[in-house]
Amino acid sequence: MTDSSAPETIESPHHLEQQRRENREAIAALGVHPYGRRTDGLVSIQEARGRYDEQADQAWNDTPKEERGEDPRPRVRVAGRVVLKRDGGRLIWMQIRDHTSSPAPKEGEPEPAGFIKDLQLAISKRDCAAPGFDIAKHLDLGDLVIASGPLMRTKAGEVTIWADTLEMAAKSLAPPPEKWSGLQDVEQRYRRRYVDLYANPETMRTFATRARMLSRIREFLRDRGYLEVDTPVLQAMAGGAAARPFVTHMNALDVDLFMRIAPELYLKRLIVGGMPKVFEISRNFRNEGLDKSHNPEFTSLELYQAYGNYETMRELTEALVRDAAVHVGESRGLLPDGWTEGQPLRLPFNDLEIDYGTPFRLVTFAELFESACGFPMSDVNRAREEAKRRGLKHEGMDDILVVNELFEEVAEATIDPEKPTFVFDYPAALSPLTRPKIDDDGNAVCAGDIALAERWDIFIGGMEIGPAYTELNDPDVQESKFREQLAGIDDEESTFRSFDDDFISALKVGMPPTGGMGLGIDRLCMLLMNQRTIRDVILFPMMRPEA
RNA sequence: GGGAGUGUAGCUCAGUCGGUAGAGCAGUGGCCUUUUAAGCCAUUGGUCCAGGGUUCGAGUCCCUGCGCUCCCA
């Protein structure tokens, strides 16, 4: 920075950054590199606290200074971000934070499960080796430091590293959020997640839990013999779901491609090829709106099992969701002591207490429709009247779409949100990739005139978490389903019907009877981690680009 | 798309009836070797989202636009 530009810099809104640059220079002038170096032997704050030895500390304190020999107190080396600093002249106190630690709860508030408090450092002019004390003098809140020394407890009872070395790990040039209230601005929390993560440790906990949940799901599936695979994100045809795709262009081949809206049609090709049990935890992309349960890119689990059906998938899904709930509940300290299979396991979600422990509820589409609407879904004329009365879309729409509209508006709302619920046997016309339901004699099963399909959807906490099918494996029926066009279908639904010639070819090779399911991972995270919006379980949610 | 709310210092927020822009934290300069959101003294820091209007005078009232949040579709 030249002298001529200095006045301008001081006038600029970044004068706080300028002051930090000056502190960086002061540290560099001590011969210390302000951005640190490789450091081995670090322990987390959680580990450091665990190593504190009360007896050794007592023994040391009880020994007169002149009789002291080897210091028996455990030594640790810890890295962290300076979140509080109290400069006491020749003794400087700091609190440092890492991914395991949090600020002390406000007065009167309880400590959350697994709470680990930020760690205190004492940097004494007398006891800390040069240039540690001089570094400490020039530290700003937000700087990253490495301290080592014995673990002791102060008069006030605070476990502390009485540092004998203090090293610089990185200078922070950005002014940190307010030390007590953290980063509150919702938009800034998403845009600057790197600040949110350290300033609001609850955010760190949420994403650590999400990662553990995903590991657990993979372990659960691996243990049951499912193979994790990767299928194309860039697809010439976006199939397998009803959604508007993102379009992109591939220069080398000069073709337009779509970002996948679902991996379904590729995973089924793998079943054709002879992989018996596959799953993919995939990022899908849907060019639609943003709201508290929709992000344009989102994570889902899709899974297929040869020689299974939608019942197989129900059993698996219930076990998987319960297993995830147990593990998340455990890590949040919400699992009742001595919990065993079959007992209620209630996890909070907003105002709800959702029970993942006892068997999930099973209900058919037709039953739910009739109990909510007061007449059977096969009475399509009443359905039309009812839709009209309620001001729902109905004109120019196929009967079955009117029934579906009514189901989504009226019947779904009657599902107990505190009780995970499988809704079975959707109308076949709504499920073009699903095998029609047949009885033991091979006859189509209908509700009145409406043919049913072997599909369920699972609802938890008022959200649809995922569907499952007995997969349609008859290439001729699949081909006619692709060609079938319903009147009044919207653009998104019509992508379901886009004709994938190669997929038909695959089915012609022969796909075994197969059960398949999909599960919205982000929504499952919202539920199990009690987060109100999908943006609180996605590290970098979609935001309008800044101007 | 509709409705409600909101936008003020780096951060968290006040700002009354329209009358010279405020606090806490952070920062800067001091004092302090057991502090706990340390404390004490002094102090820097503002395009009040943008544009227009009303008015002697607008952070405040009106209009338009933009951003963000929540609710509804």
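Just so you know, these numbers use all the heavy atoms, side chains as well, and skip hydrogens, waters and symmetry mates. A note on names: the letters A, B, ... follow the listed sequences, proteins ahead of strands, and every chain is numbered from 1.
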*Using a cut-off of strictly less than 4.0 Å, decide whether N23(A) has a side-chain nitrogen or oxygen near OP1 or OP2 of rU28(B).*
yes

_Using the side chain to side chain donor-acceptor pair (under 3.5 Å) criterion, which residues pair with S181(A)? Sequence neighbours excluded._
E178(A)

*With sequence neighbours left out, what residues match E353(A) under side chain to side chain contact (heavy atoms under 4.5 Å, CB included)?*
R346(A), P348(A), E418(A)

*Looking at residues at least two apart in the chain, or sitting in another chain, which of them share a side chain to side chain contact (heavy atoms under 4.5 Å, CB included) with A387(A)?*
L392(A), H394(A), V402(A), L406(A)

*Counterpart residues, side chain to side chain contact (heavy atoms under 4.5 Å, CB included), relative to S378(A) (two or more places apart)*: P376(A)

*Base-pairing assignment for rC17(B) (Watson-Crick or G-U wobble, both under 3.5 Å)*: none

_With sequence neighbours excluded, residues passing salt bridge (charged side-chain N to carboxylate O under 4.0 Å, His left out) with E464(A)_ = none

*What residues in residues 57-67 of chain A put a non-hydrogen atom under 4.0 Å from any atom of RNA chain B?*
none

_The criterion is side chain to side chain donor-acceptor pair (under 3.5 Å); which residues satisfy it with R189(A), sequence neighbours excluded?_
D196(A)

_Per-nucleotide protein contact string for nucleotides 68-73 of chain B, where B marks a base within reach and S marks sugar-phosphate only (heavy atoms under 4.0 Å, - for neither)_ = SSSS--

_F365(A): partners by ring-ring contact (aromatic ring centres under 6.0 Å, His included), with sequence neighbours left out_ = F407(A), Y426(A)

*Could I get the full list of side chain to side chain contact (heavy atoms under 4.5 Å, CB included) partners for S300(A), not counting sequence neighbours?*
S282(A), N284(A), F298(A), E302(A)

*Can you name the residues that form a ring-ring contact (aromatic ring centres under 6.0 Å, His included) with F258(A), not counting sequence neighbours?*
none

*Nucleotide by nucleotide, 5' to 3', does protein get under 4.0 Å of the base (B), only the sugar-phosphate (S), or neither (-) in nucleotides 30-39 of chain B, counting heavy atoms?*
--BBBBBBB-

